[in-house]
Amino acid sequence: MAVTVLSGTSGALYYKPAGTKGTFPETGVNISTDVITVDQYLNFKVGDPVKFRIINSQTGEAGAGTLPAPISAATTYFVLSYTAATGALTVSTTAGGTILAITDDGTLAAPNEFEVYYADYAAVGQVQNWSFEISRAEIDVTTIGQAVGQYAPFKAYIPGFADGNGSASVFVTSEDSALSNRMVEDVLQRQQVGAAFKLYTDKGATEALSRSIAMDAVLLSATLNINPDDAQMVEITFRPTGAPSFDFSTTV
């Protein structure tokens with residue numbers, strides 16, 4: 001049977017920036033100023049695409065209630081302003097548009113809360129390469145009392161918990177809003193909630209035709225390599241915060 005070897009040239013890295021997920025109660029919606037007060041010291045930037053939803057604060061799953069009018073869970077909005085010291089957030093229906101007029105503060109019952117989050121993964125076009133390593137811990141299950149023989153008995157092991165760590169080599173650009181530059185800043189972001197990677201081993205025309213690894217993550221380090229003869233590059237390291245999702249099959 002013929003074997004097709006993938007060259008890797010169709011790989012890609014997609015990213016959700018750190019500090020781009022915040023929660024707020026019904027009292028955090030001010031219909032007189034159209035300001036939503038979310039968590040402080042997040043990392044929302046002007047122009048970030050965001051969506052809203054209701055979650056159960058105890059389970060993290062979908063919650064019950066109604067979003068502040070006219071906000072819709074199916075609509076992508078754009079950050080107009082965010083003040084880190086106060087958590088004051090305003091959004092628009094278009095990038096750089098006018099402030100969204102909020103007419104109702106919605107309804108919630110404990111333990112539900114509103115959540116604003118970065119809308120979707122975005123391509124990081126300045127990535128030279130990425131890597132992701134998966135490892136398993138080993139658990140020693142050797143028993144004593146083995147029969148005496150000529151040779152030393154061998155220990156017995158079973159696989160334990162899985163772990164992973166990754167890295168990406170990204171180019172520094174002169175464009176302030178480039179996600180590659182933002183990844184470097186995100187390493188220092190105190191609250192990294194919202195950071196996520198989608199690593200494509202094979203990026204097809206659609207998600208159904210692609211192979212990928214997706215994960216919520218923490219960014220751990222940024223190593224800058226400055227050489228006047230070469231493009232400036234930063235090595236970013238990261239680790240998943242939970243179990244990644246692996247999609248290594250394609251469906252037509």
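These figures come from a predicted structure and were not determined experimentally.
- Counting only heavy atoms from C-beta outward, the side chains of N227 and M233 never approach each other to under 4.5 Å.
- Placement of I213 and F161 in two distinct hydrophobic clusters is found when ILVMFWY residues are connected by side-chain heavy-atom separations under 4.5 Å, directly or transitively.
- Rounding to the nearest 0.5 Å places CG of N181 at 7.0 Å from CD of Q126.
- Taking 4.0 Å as the cut-off between side-chain N and carboxylate O, K21 and D216 do not count as a salt-bridged pair.
- In this view, E61 and T59 satisfy the side chain to side chain contact (heavy atoms under 4.5 Å, CB included) rule, not counting sequence neighbours.
- When hydrophobic clusters are built by joining Ile, Leu, Val, Met, Phe, Trp and Tyr residues whose side-chain heavy atoms come closer than 4.5 Å, directly or via intermediates, F132 is not grouped with V218.
- Between T201 and W130, the closest side-chain pair of non-hydrogen atoms falls below 4.5 Å.
- A heavy-atom distance below 4.5 Å is not found between the side chains of E138 and K155.
- Here the side chain of T20 pairs no donor or acceptor atom with the backbone of Y117 at under 3.5 angstrom.
- With sequence neighbours excluded, no residue forms a salt bridge (Lys or Arg N to Asp or Glu O under 4.0 Å) with E235.
- Residues T173 and A178 come closest through the heavy atom pair OG1-CB, 3.5 Å.
- In plain terms, the two heavy atoms of I139 and G160 that are nearest each other are CD1-CA, 3.8 Å.
- Without hydrogens or angle criteria, T66 side chain to T107 main chain gives a donor-acceptor distance under 3.5 Å.
- Closest heavy-atom contact between S212 and Y200: CB-CD2, 3.7 Å.
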Chi angles and distances behind the side-chain contact (heavy atoms from CB on, under 4.5 Å) call for V170, Y15: CA-CA 12 Å; V170 299; Y15 180 60; over 6 Å; no

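- Atom CG of N225 sits about 8.0 Å away from atom OG of S169, to the nearest 0.5 Å.
- In this structure, I158 is not a member of the same hydrophobic cluster as I134, with clusters built from ILVMFWY side-chain heavy atoms closer than 4.5 Å.
- Separation of atoms CG (L199) and OG (S131) is listed at 9.0 Å; rounding is to 0.5 Å.
- With sequence neighbours excluded, no residue satisfies side chain to side chain donor-acceptor pair (under 3.5 Å) with S210.
- The main-chain N or O of D247 is never found under 3.5 Å from a side-chain atom of R211 such that the two would form a donor-acceptor pair.
- Remark: L220 CG to I236 CD1 distance equals 10.0 Å, nearest 0.5 Å.
- Remark: the backbone N or O of P17 is not paired with any side-chain donor or acceptor of D186 at under 3.5 angstrom.
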Derivation and outcome, side-chain contact (heavy atoms from CB on, under 4.5 Å), residues T23 and I55: CA-CA 9 Å; T23 58; I55 64 167; 4.3 Å; yes

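- What you find for G97 and L80 is that their closest heavy atoms are O-CD2, 3.2 Å.
- For Y157, there are no ring-ring contact (aromatic ring centres under 6.0 Å, His included) partners two or more places apart in sequence or in a different chain.
- The NZ atom of K51 lies 9.0 Å from the OG atom of S72; values are rounded to the nearest 0.5 Å.
- Between G63 and N112 the shortest heavy-atom distance is CA-OD1, 3.2 Å.
- Remark: side-chain polar atoms of Q191 are paired, donor with acceptor, to backbone N or O of Q40 under 3.5 angstrom.
- Residues F246 and F197 share a hydrophobic cluster, clusters being chains of Ile/Leu/Val/Met/Phe/Trp/Tyr side chains in contact below 4.5 Å.
- Residues Y14 and V127 fail the side-chain proximity criterion, which asks for heavy atoms closer than 4.5 Å.
- Although no hydrogens or angles enter the test, the distance criterion places a donor-acceptor pair under 3.5 Å between the side chain of S92 and the main chain of T98.
- L224 and F171 sit in two unconnected hydrophobic clusters of ILVMFWY residues. Membership requires side-chain heavy atoms under 4.5 Å apart, directly or through other members.
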In sequence, state the C-alpha distance, the side-chain angles, and the governing distance for E207 and K198, and then conclude on side-chain contact (heavy atoms from CB on, under 4.5 Å). CA-CA 11 Å; E207 283 298 300; K198 195 161 193 178; 2.8 Å; yes

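- K16 approaches G194 most closely through the heavy-atom pair CB-O, 3.5 Å.
- Panel note: side chain R239, backbone A217; no donor-acceptor pair is recorded below 3.5 Å.
- Looking only at distances, no side-chain donor or acceptor of N43 sits under 3.5 Å from a matching main-chain atom of Q192.
- Taking the side chain to side chain donor-acceptor pair (under 3.5 Å) definition, one finds that E115 meets it with R53, sequence neighbours left out.
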Chi angles and distances behind the side-chain contact (heavy atoms from CB on, under 4.5 Å) call for M183, F238: CA-CA 10 Å; M183 288 172 66; F238 55 90; 5.9 Å; no

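- Under a 4.5 Å side-chain heavy-atom cut-off, the cluster of Ile, Leu, Val, Met, Phe, Trp and Tyr residues that includes L67 is completed by F24, V29, I31, I36, V38, L42, F44, V50, F52, I54, I71, Y77, V79, Y82, L89, V91, L100, I102, L108, F114, V116, V193.
- Counting only distance, with no hydrogens or angles, the side chain of T76 and the backbone of P49 share no donor-acceptor pair below 3.5 Å.
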